[in-house]
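All remarks here apply to the structure that follows.
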Amino acid sequence: MISFAAITPHAPLLVPNVSKDEREKIKITKEAMDDLQTKLEKADIETLIVISEHKKMHHDAFGILLSDKYSADFKEFGDFETKMEFSPDLELAEKIRHTATDNEIPFSLVHQENLEYTFSVPLYYLKGKKKIKIIPFLHNYSDIKDQFEMGRMVKKIIAESNKKIGVIASGHL
């Protein structure tokens, strides 16, 4: 069941070790992210689906970044200290992939262990203390009908699940 949903920015400046000199400029957004993290912890979810774009995404296919574990860091932005690790929800990922392909919606699995900042920034704030599984979900640029159909299918899969699932749409400011 859907237990949490939000839209978040993925600006790397939100990570404290990246934006040491810019903290005042992002104060309100950081406070909002902290508030979301508190709400996410109260929702006590088991899996978090993070929807974002990807440098190597197929513009005509939805997808999931798949790995037996995920790592995240912000080295490309000068932060060599912050490191995070996450586990996948392989069962839910396979259910989404299987349903998409059964309904002839273009879908691909992309093997990638290191998450890009478009996933890592929201996860930095929303990871909390509890170990939750994640699904890095790739949107695409197909027509509105495919977008609607994919959303409808994912919603149905989540609604039928016994798991408490959160959904984050990560986007530009």
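The aromatic rings of Tyr117 and His10 lie perpendicular to each other, with more than 60° between the two planes, well past the 30° mark.
Within a 6.0 Å radius of NZ in Lys163, other residues, nucleotides and ligands contribute more than 12 heavy atoms. The local environment of CG in Leu90 is crowded, with over 12 non-hydrogen atoms from other residues, nucleotides or ligands closer than 6.0 Å. In Glu91, the CD atom is not crowded: 12 or fewer heavy atoms of neighbouring residues, nucleotides or ligands sit closer than 6.0 Å. The number of heavy-atom neighbours closer than 6.0 Å to CG of Asp102, taken from other residues, nucleotides and ligands shown, is above 12. In this structure, Glu31 places its CD atom where more than 12 heavy-atom neighbours from other residues, nucleotides or ligands lie under 6.0 Å away.
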Inset, instruction - Apply ring pair (Phe, Tyr, Trp, His ring centres under 6.0 Å) to the pair Phe62 and His139, showing each step before the final yes or no. - result: CA-CA 5 Å; Phe62 295 95; His139 71 76; 8.3 Å; no
Legend entry - side chain to side chain contact (heavy atoms under 4.5 Å, CB included) assessment of Asp73 paired with Asn114: CA-CA 8 Å; Asp73 60 53; Asn114 193 42; 3.9 Å; yes
Legend entry - Stepwise salt bridge (Lys or Arg N to Asp or Glu O under 4.0 Å) check, Lys30 with Asp34: CA-CA 6 Å; Lys30 184 198 174 306; Asp34 290 339; 2.6 Å; yes
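Summarising the geometry of Lys164 relative to Ser3, their closest heavy-atom pair is CB-OG, 3.4 Å, with the distance given to 0.1 Å. Nearest heavy atoms, Met153 versus Ala100: CE-CA, 3.9 Å. Of all heavy-atom pairs spanning Leu40 and Ile45, the tightest one is CD1-CD1, 3.4 Å. The two residues Lys133 and Pro88 come nearest to each other via the heavy atoms CD-O, 3.4 Å.
The closest donor-acceptor contact from the side chain of Thr99 to the backbone of Lys95 lies under 3.5 Å.
The existence of a salt bridge linking Glu149 and Lys145 is excluded, since no basic side-chain nitrogen approaches an acidic carboxylate oxygen closer than 4.0 Å.
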